[in-house]
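Worksheet: the structure to be examined is printed underneath.
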Amino acid sequence: MEKLIITGNQPIGGEIDVHGSKNAVLPILAATLLINGETVLHNVPDLTDVTTSVQILGYLGASVKREKDTLIVDTSTVLNSDIPENMMREMRSSIIFLGSLLARCKEVMLCRPGGCDIGVRPIDLHISAFEKMGAQISENGNCIHCKSSRLHGSKIVLSFPSVGATENIMIAAVLAKGKTTIINAAREPEISDLVAFLNSCGAKIFCAGEGTVEIEGVDTLYPSSHSIIPDRIVAATYMSAASVLAKELVIKKYVRHIWCR
């Protein structure tokens, strides 16, 4: 069993960088599947969930290279449209690949995700949204089979502002036919970073205010480069420690990021 031994009451100080946001980079990595070409992502943290996402991309047929905190993702070739159960169970965020694979490959087979210590968090919002967008979905035990020749736009009202469902719908909708409107969408900074990335690739995503997001479907996305926003949770942790134990601590690479309110 892993453990941390902490010796308290020690002064801290100096300068420290805030690494890129894990919750921002995971949906962006999934969204690279929408692009037939090479995507360059900067400020990518070296974390277990990022490694799992890279392994999933590799299984699907993509090429991923890391140069320090930069990932170069080439999705020119996607060979598979399924994700093995052992990979899906590594992390909760693996469900975000459903929208991107459905948009690109038109058919997806995967199992329900795992990796969440909080407990069971159903994915019914994701499934119902894709059905409204024209996907045919069947479930056999723990396996989910999704199929659609091309998704179409729809008005989707979320029962609560789910971050994962908002991200999955946006990713699927950027290549769908027509306009998709998400009502009661999540408003976290990680959502706005995904929007910034997708729009830099040619997507048309707009904030209509009050938690409403509009996506006009396009035919093609283009390769782009993007820098992942700093991790606000990590920054807050450093700030909390500094308030108790530091005479002075300089926290770098932390910016306030607001897109839709």
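The figures here come from the full heavy-atom set of this structure, side chains too, leaving out hydrogens, waters and symmetry mates.
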Exercise for the section: Apply the test side chain to side chain contact (heavy atoms under 4.5 Å, CB included) to residues L79 and L60: give CA-CA distance (whole Å), side-chain angles for both, the deciding distance (0.1 Å), then the verdict. Expected result: CA-CA 6 Å; L79 304 174; L60 295 171; over 6 Å; no
Please check: side-chain N/O of [X] versus main-chain N/O of [Y], any donor-acceptor pairing under 3.5 Å?
X    : Y    : result
T51  : L47  : yes
S53  : D49  : yes
R104 : L33  : yes
D193 : I228 : no
T52  : E90  : no
E216 : E214 : no
N184 : L158 : yes
D74  : S63  : no
S81  : E107 : yes
R89  : M91  : no

Crowding at [atom1], [X] (>12 non-hydrogen neighbours, <6.0 Å):
X    : atom1 : result
K177 : NZ    : no
K106 : NZ    : yes
N140 : CG    : no

Under a 4.5 Å cut-off applied to non-hydrogen side-chain atoms, are [X] and [Y] in contact?
X    : Y    : result
K22  : L26  : yes
P45  : V25  : yes
M88  : N86  : no
L71  : T39  : no
N199 : F197 : no
I83  : L101 : yes
N168 : L125 : no
I205 : M170 : yes

Exercise for the section: Check step by step if side chain to side chain contact (heavy atoms under 4.5 Å, CB included) holds for I16 and V250. Expected result: CA-CA 6 Å; I16 192 167; V250 178; over 6 Å; no
Can you give me the closest heavy-atom contact between [X] and [Y], atom names plus distance?
X    : Y    : result
V44  : V50  : CG1-CG1, 3.9 Å
A172 : F130 : CB-CE2, 3.5 Å
A242 : L249 : CB-CD2, 3.7 Å
L34  : S100 : CD2-O, 3.7 Å
A203 : L221 : N-CD2, 3.5 Å
A129 : I156 : CB-CD1, 3.8 Å

Quick check on the hydrophobic clustering: are [X] and [Y] connected, directly or via other members, by side-chain heavy-atom contacts under 4.5 Å?
X    : Y    : answer
V73  : V40  : no
I233 : I229 : no
I72  : L41  : no
V163 : L198 : yes

Problem - Residues clustered with M109, ILVMFWY side-chain links under 4.5 angstrom - result: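 Result for M109 is none, singleton.
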Practice task
Starting from L4, walk the hydrophobic network (Ile, Leu, Val, Met, Phe, Trp, Tyr; side-chain heavy atoms closer than 4.5 Å) and list everyone else you reach, by chain and number.
Solution key: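 Taking Ile, Leu, Val, Met, Phe, Trp and Tyr as members, L4 stands alone, with no cluster partners.
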Practice task
Test side chain to side chain contact (heavy atoms under 4.5 Å, CB included) on C105 and V78 and set out the steps.
Solution key: CA-CA 8 Å; C105 302; V78 173; 4.0 Å; yes
Practice task
Answer yes or no: is there an ion pair linking E188 with R232, defined by an N-O contact shorter than 4.0 Å?
Solution key: no
Problem - Test: R150 and D219 ion pair at under 4.0 Å - result: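 Yes, charged N to carboxylate O under 4.0 Å.
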Atom pair [atom1]/[atom2] of [X] and [Y] - distance to nearest 0.5 Å:
X    : Y    : atom1 : atom2 : value
I171 : L194 : CD1   : CG    : 5.0 Å
E85  : S94  : CD    : OG    : 10.5 Å
T181 : I169 : OG1   : CD1   : 11.0 Å
R66  : K68  : CZ    : NZ    : 12.5 Å
H126 : C146 : NE2   : SG    : 11.5 Å
E190 : S192 : CD    : OG    : 7.5 Å

So, [X] versus [Y]: side-chain donor-acceptor pair below 3.5 Å or not?
X    : Y    : value
H19  : D231 : no
Y59  : D82  : yes
S200 : H226 : no
N23  : S21  : no

Exercise for the section: Go through L98 and I127 one step at a time and tell me if the side chain to side chain contact (heavy atoms under 4.5 Å, CB included) criterion holds. Expected result: CA-CA 9 Å; L98 179 57; I127 299 298; 4.3 Å; yes
Exercise for the section: Report the residues that fulfil side-chain hydrogen bond (donor to acceptor under 3.5 Å, both in side chains) with E15, sequence neighbours left out, ordered by chain and then residue number. Expected result: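 Scan of E15 (side-chain hydrogen bond (donor to acceptor under 3.5 Å, both in side chains), adjacent residues dropped) gives K252.
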